[in-house]
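We use all heavy atoms of the structure for the numbers below, so side chains are in, but hydrogens, waters and symmetry mates are not.
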Amino acid sequence: MDFEKHKQEIIQLSESLGLKLDYLKGVDCFFPFFTKIEEDSSVIIIKLDGEREENKYTLLILGKMLGQGEYIRAETSDLEGGLSFIIVEYAKRTWNWSP
C-alpha cells in the first residue's frame, strides 16, 4: 500500500488539532496523536517482526470508539506511512475528521 496520501493527511490532521508536526521520522513525532488516542481509551499496538523480510511492522488501533471487535490495522515496511494511515483512518472514523 502506498501511504504518501496518508503522510500528507497526517500533517493536515496535526494542523486541525493544533499539534505541531515538524517532521515524519520514527515514532516520536506521533506521540501527540498517541496521547489523544489514549484519551479515547483506545489502544495502539506497534509490533516489530525481526523474522520478516518485508512488512516488518504490524500497526493496530482498537478500542470502544471504533466499536466492538473493530480495529484499524496495517502491515508494512514503512513505519511512518503505516502510522499515518492508522491514525488518519482513526481520526476519520472516531473524530469525524475529513481532509
Side-chain angles (χ1 to χ4, degrees):
M1 178 183 273
D2 181 15
F3 294 116
E4 290 308 311
K5 175 181 135 187
H6 294 92
K7 288 179 180 179
Q8 294 303 313
E9 289 179 345
I10 195 83
I11 293 168
Q12 294 172 1
L13 176 61
S14 72
E15 292 168 357
S16 71
L17 296 175
L19 303 174
K20 186 173 179 169
L21 184 62
D22 295 328
Y23 60 93
L24 281 179
K25 184 72 176 152
V27 297
D28 290 352
C29 62
F30 293 97
F31 271 93
F33 298 104
F34 296 166
T35 301
K36 184 153 177 53
I37 292 167
E38 177 187 35
E39 290 169 359
D40 291 343
S41 298
S42 292
V43 176
I44 302 167
I45 298 171
I46 301 172
K47 178 186 153 216
L48 306 142
D49 191 336
E51 293 183 358
R52 289 189 194 172
E53 293 294 321
E54 302 225 354
N55 296 331
K56 292 185 175 214
Y57 303 107
T58 301
L59 311 164
L60 187 71
I61 299 179
L62 59 127
K64 64 182 177 182
M65 295 284 287
L66 290 170
Q68 181 76 22
E70 294 294 315
Y71 58 87
I72 301 167
R73 177 185 176 131
E75 291 193 22
T76 182
S77 295
D78 178 356
L79 178 61
E80 294 84 358
L83 285 170
S84 295
F85 169 77
I86 65 170
I87 293 167
V88 164
E89 292 305 310
Y90 181 88
K92 289 175 181 176
R93 290 173 56 181
T94 63
W95 303 332
N96 297 315
W97 180 79
S98 62

Any chance you could lay out the salt bridge (Lys or Arg N to Asp or Glu O under 4.0 Å) test for Lys36 and Glu39, step after step, and finish with the verdict?
CA-CA 5 Å; Lys36 184 153 177 53; Glu39 290 169 359; 5.1 Å; no
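In this structure, the separation between CD on Glu75 and NZ on Lys56 is 14.0 Å, given to the nearest 0.5 Å. Rounding to the nearest 0.5 angstrom, the gap separating the CD1 atom in Ile87 from the NZ atom in Lys92 is 13.0 Å. The CD atom of Glu89 lies 7.5 Å from the CD atom of Glu9; values are rounded to the nearest 0.5 Å. Rounded to the nearest 0.5 angstrom, Ile61 CD1 and Leu66 CG are separated by 7.5 Å. Taken from CD in Gln8 to NE2 in His6, the straight-line distance is 11.5 Å, to the nearest 0.5 Å. Here Thr58 contributes atom OG1 and Leu48 contributes atom CG; the two are 9.0 Å apart, rounded to the nearest 0.5 Å.
Looking at every heavy atom in both residues, Ser42 comes nearest to Gly63 through OG-CA, 4.0 Å. What you find for Phe3 and Ala74 is that their closest heavy atoms are CZ-CB, 4.5 Å. For the pair Leu60 and Arg73, the tightest heavy-atom approach, listed with the atom from each and the gap, is CD1-CB, 3.7 Å.
For Phe34, the ring pair (Phe, Tyr, Trp, His ring centres under 6.0 Å) partners are Phe31, not counting sequence neighbours.
At a threshold of 4.5 Å between side-chain heavy atoms, the hydrophobic network of Ile, Leu, Val, Met, Phe, Trp and Tyr places Ile72 and Val27 in one connected group. Transitive grouping of hydrophobic side chains (ILVMFWY, heavy atoms separated by less than 4.5 Å) keeps Tyr71 and Tyr57 in distinct clusters. Residues Leu17 and Ile10 share a single hydrophobic cluster, defined by chaining ILVMFWY side chains whose heavy atoms lie under 4.5 Å apart. Both Met1 and Leu79 belong to a common hydrophobic cluster when Ile, Leu, Val, Met, Phe, Trp and Tyr are linked at side-chain heavy-atom distances under 4.5 angstrom.
With a 4.5 Å cut-off on side-chain heavy atoms, Ile37 and Trp95 count as touching. The shortest distance between side-chain heavy atoms of Leu59 and Phe85 does not fall below 4.5 Å. When side chains are defined from C-beta on, Phe33 does not count as touching Ile44, because their heavy atoms never get closer than 4.5 Å. Side-chain contact between Leu13 and Leu21: absent, with no pair of heavy atoms (C-beta onward) separated by less than 4.5 Å.
Judged as a side-chain hydrogen bond (donor to acceptor under 3.5 Å, both in side chains), the pairs with a partner in residues 76-86 (not counting sequence neighbours) are, in order, Lys7-Asp78. Residue pairs that meet the side-chain hydrogen bond (donor to acceptor under 3.5 Å, both in side chains) test with at least one member in residues 12-23, sequence neighbours left out, are Ser16-Trp97.
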